[in-house]
Amino acid sequence: MNSKSILLKIFHKLLGQYGTRQWWPAKTRFEVIVGAVLTQNVTWKNAKKAVDNLKKAGLLSCAALALAKHTEVAEKIISSRYYNQKAKKLKAFSFFLMNSYAGSLNKLFSGKMEDLREELLKIKGIGKETADCILLYAGHMPSFVSDAYTKRFLDRYGLLNGMTTYDDIRNFFMQNLPEDVYLYNEYHALIVYHGHAVCQSKPDCPHCPVRVIDKTTYCRYAQSQLI
DNA sequence: GTCCAGGGCCTAC
DNA sequence: GTAGGCCATGGA
């Protein structure tokens, strides 16, 4: 079976097992972007608390964040960890959007995807994963989101084939899957759910007949179920 | 008390 | 180009 068929087969297995993941849970595109920054290296639960605090304080807009004082933003997002860093990141993105696109997400997302990706990557605090989350979940553009789960996932199913960098893996999915926003959306969410919420990579994972000792240990249950 | 979440930046080699 | 430290909460 070629990579294309395997990736699609795994996707349909995951979707059948877990159903749609309903990502991204946010009301506006700006909220998606704020959430993408706040969830960096923290659980969504903690990130969401921070998003809600910003919303209550009337800070969930580009203009409001750009004008707010650093401490005002930071204290609202304490639950998201690294709050000082993240306050700077939120303000940096807001300044970028104000200055380059007059605060308009419509304008931001009207350009070419790869060009926009490069532009986002220049903003301090937005790395590749966050940029792809913004493109996919806020901009509804077909940019596959990779991450540590995705790498481990490919490794577990023997599909990694020496790929090491983030872009290697992103390209692998994008070259072997149809250019489909819905597909990319669900696939990333399902990989995270499968790897985290279900398989958990913990010694007591109820789905793994073989103990999963650490993040790199093979999950035989997962393999047998999905391929 | 320990471990780890829907990362990214900076520095040193 | 990459390994390692830093950032510094909250739940299990």
Side-chain angles (χ1 to χ4, degrees), chain A residues 14 18-26 29 31-54 70-71 73-96 117-139 143-154 160 162-170 173 184-208 211-217 219:
Chain A
L14 287 170
Y18 307 133
T20 58
R21 297 287 85 214
Q22 316 275 344
W23 276 26
W24 193 286
R29 290 182 298 180
E31 187 175 329
V32 174
I33 295 167
V34 169
V37 168
L38 293 181
T39 197
Q40 289 172 357
N41 210 24
V42 72
T43 57
W44 174 248
K45 199 172 177 181
N46 279 10
K48 185 168 189 318
K49 277 186 195 169
V51 173
D52 290 344
N53 281 341
L54 288 175
H70 169 87
T71 50
V73 178
E75 69 183 15
K76 300 292 184 296
I77 62 172
I78 287 177
S79 66
S80 74
R81 200 183 179 195
Y82 313 134
Y83 46 85
N84 281 321
Q85 300 271 338
K86 288 179 178 177
K88 285 183 191 169
K89 294 177 182 183
L90 291 181
K91 287 182 69 68
F93 176 81
S94 299
F95 280 128
F96 158 78
R117 186 173 192 256
E118 290 307 311
E119 213 173 342
L120 290 172
L121 289 175
K122 288 178 189 163
I123 303 170
K124 199 157 289 191
I126 297 187
K128 290 177 176 173
E129 184 179 343
T130 306
D132 290 328
C133 278
I134 290 172
L135 293 170
L136 180 63
Y137 293 105
S143 187
F144 198 90
V145 179
S146 177
D147 64 353
Y149 287 115
T150 312
K151 188 172 185 180
R152 191 162 80 240
F153 183 82
L154 291 179
L160 200 51
M163 288 186 286
T164 54
T165 69
Y166 180 96
D167 284 331
D168 282 345
I169 293 171
R170 174 177 183 256
F173 278 90
Y184 291 4
N185 177 324
E186 286 296 340
Y187 215 145
H188 172 66
L190 285 164
I191 287 173
V192 173
Y193 186 73
H194 176 70
H196 173 216
V198 176
C199 195
Q200 295 186 348
S201 300
K202 288 177 181 172
D204 58 350
C205 170
H207 300 279
C208 298
R211 283 167 63 87
V212 176
I213 299 164
D214 57 54
K215 284 187 172 183
T216 58
T217 305
C219 172

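The chains referred to below are lettered A, B, ... by the order of the sequence lines, with proteins before strands, and numbering in each begins at 1.
Residues from residues 79-89 of chain A lying near DNA chain B, meaning a heavy-atom separation below 4.0 Å, are A/Arg81, A/Tyr82, A/Lys89 in numerical order.
Within 4.0 Å of A/Asn46, counting heavy atoms only, lies at least one base atom of the nucleic acid.
At least one side-chain heavy atom of A/Val192 sits under 4.5 Å from a side-chain heavy atom of A/His188.
Atom CD1 in A/Ile126 sits roughly 9 Å away from atom P in B/dC9 (whole-Å rounding). In this structure, CG of A/Leu90 is placed 14 Å from C1' of B/dG8, rounded to the nearest angstrom. The distance from atom OH of A/Tyr137 to atom P of B/dG7 is 12 Å, rounded to the nearest whole Å. Taking atom NE2 on A/His70 and atom C1' on C/dC7, their separation rounds to 12 Å, with Å as the unit. Atom pair A/Ile77:CD1 and B/dG7:P shows a separation of 16 Å (rounding to whole Å applied). When rounded to the nearest whole Å, the span between CG of A/Asn41 and P of B/dC3 equals 16 Å. Rounded to whole Å, atom C1' of C/dG1 lies 12 Å from atom NZ of A/Lys128. Protein atom CG of A/Asp168 is 13 Å distant from nucleotide atom C1' of C/dG1, rounded to whole Å.
For the residue pair A/Ser143/A/Arg170, the side-chain donor-acceptor check at 3.5 Å is satisfied.
Annotation: salt bridge (charged side-chain N to carboxylate O under 4.0 Å, His left out) contacts of A/Arg29 (sequence neighbours excluded): none. Contacts of A/Tyr83 classified as ring pair (Phe, Tyr, Trp, His ring centres under 6.0 Å), with partners at least two apart in sequence or in another chain: none. For A/Asp168, there are no salt bridge (charged side-chain N to carboxylate O under 4.0 Å, His left out) partners at least two apart in sequence or on another chain.
Distances shown here put a side-chain N or O of A/Lys49 below 4.0 Å from the OP1 or OP2 atom of C/dG11. Here A/Thr39 does not reach the OP1 or OP2 of B/dG7: none of its side-chain N or O atoms lies under 4.0 Å away.
Here the shortest heavy-atom pairing between A/Gly35 and A/Trp24 reads C-CZ2, 3.7 Å. When all heavy atoms are compared, the tightest approach of A/Ser146 to A/Ile169 is OG-CG2, 3.2 Å.
Sequence order on DNA chain B of the closest nucleotides to A/Gly125 and A/Trp24 puts A/Trp24 first from the 5' end. Comparing A/Thr165 and A/Lys45 against DNA chain C, the residue whose closest nucleotide sits nearer the 5' end is A/Thr165.
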Within the sub-3.5 Å range, which N or O atoms of nucleotides 11-13 of chain B have a protein N or O partner, and how far apart are they?
none

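For the P atom pair drawn from C/dA8 and B/dC10, the interatomic distance equals 15 Å after rounding to whole Å.
Ring orientation note: the planes of A/His194 and A/Tyr18 are tilted relative to one another, at an angle of 30° to 60°.
A salt bridge (Lys or Arg N to Asp or Glu O under 4.0 Å) check over residues 119-129 of chain A, counting only residues at least two apart or in different chains, returns the pairs A/Lys128-A/Asp167.
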